[in-house]
Q: 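Next up is a structure, given as structure tokens.
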Amino acid sequence: MQLHPRHAWTVTPREAVSLQHDLRGEIDTARTLPLAEVRLVAGVDVSVKNGMSRAAVVVTRLPDFAIVETVLATRPTPFPYVPGLLSFREGPVLEEAFSRLASAPDVFIFDGMGIAHPRRIGIASHMGLWLEKPTIGCGKTLLVGQFGPLGPEKGATAPLVDKGETIGVALRTRERVSPVFISPGHRIDLASAVAVTLAATTRFRLPEPIRFAHAAAGTL
DNA sequence: GCGACAG
DNA sequence: ATCTTGTCGC
């Protein structure tokens, strides 16, 4: 599919932070995405091993989660893991995978954060600019922010707040399991991001598209 | 200065 | 993320 690269990936950590400040203002988290308009949901994940990174994008069709397309891409890992700069580590290999997508997903769910990030531009938001399509951040652990108690039932949420700003929610996707952290990536609002995530989740903690992508990326 | 820190 | 054994539970 058509991509919209905004800058080269070969940068220093300092330049990476500068780019995040330049791009954060372009992230749109005010757009509603009606569930009725969501048919194709893509799961995105990356595995790393021995200096190589493998990206997997698995496109599923609701409501049965039939797999429509799977794209794999492998490249040398270009950047170290630095909290807050994950997109500069996984962006290059994801860019290649996205460029080879034949289908047109209505929304992409990432393994990582959207705006629930120190500079409000986690990997789901950053790659959302490349895709110019709705993206959602679905993290398993917290990067920034605090949240209070949430109900024990599936679907329970608690606001994720950082510096007085609501940047996402802690969402329980299954009874008795720790919550996942949902935040808008780009071109979607928080309420829609939560609705889509729940619509994409069945009996497991993580959304089906993400589970499929994780399995497809393998251990390398 | 100290602690926190997606994947 | 990846490195690792056994173990609790459906």
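Computed from heavy atoms alone, side chains included, the values below leave out hydrogens, waters and symmetry copies.
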Q: State whether a side-chain donor-acceptor pair under 3.5 Å links A:D45 with A:H214.
A: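 There is such a pair (donor and acceptor under 3.5 Å, judged by atom type) between the side chains of A:D45 and A:H214.
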
Q: Run the salt-bridge test on A:K133 and A:D106 with the 4.0 Å N-O cut-off and return the result as yes or no.
A: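 No.
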
Q: Have a look at A:H126 and say if it touches a base, only the backbone sugar-phosphate, or nothing, with a 4.0 Å heavy-atom cut-off.
A: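 No contact.
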
Q: Describe, in one word, how the ring planes of A:H126 and A:W9 are oriented to each other, choosing from parallel (under 30°), tilted (30 to 60°) and perpendicular (over 60°).
A: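 Rings of A:H126 and A:W9: tilted, 30 to 60°.
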
Q: Taking atom CG as the centre, does A:D64 end up with more than 12 heavy-atom neighbours from other residues, nucleotides or ligands that are less than 6.0 angstrom away?
A: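 Atom CG in A:D64 is packed in, count exceeds 12.
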
Q: For the pair made of NZ in A:K49 and C1' in C:dT2, what is the distance, rounded to whole Å?
A: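 Result: 8 Å.
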
Q: Which one of A:E15, A:R119, A:R120 satisfies the side chain to side chain donor-acceptor pair (under 3.5 Å) criterion with A:Q20?
A: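 That would be A:R119.
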
Q: Would you kindly say whether A:D189 and A:T32 are connected by a side-chain donor-acceptor distance under 3.5 Å?
A: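 Judged by distance alone, the side chains do pair up.
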
Q: Base contacts versus sugar-phosphate-only contacts with protein, heavy atoms under 4.0 Å: please encode nucleotides 5-10 of chain C as B, S and - from 5' to 3'.
A: ------

Q: Ring-plane angle category for A:W130 and A:H7, please: parallel below 30°, perpendicular beyond 60°, tilted otherwise.
A: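 If you compare the ring of A:W130 with that of A:H7, the planes turn out perpendicular.
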
Q: Output one letter per nucleotide in nucleotides 2-7 of chain B: B when a protein non-hydrogen atom lies under 4.0 Å from the base, S when only the sugar-phosphate is that close, - when neither is.
A: ---BBB

Q: Charged N to carboxylate O below 4.0 Å: is that the case for A:E153 and A:R172?
A: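 No.
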
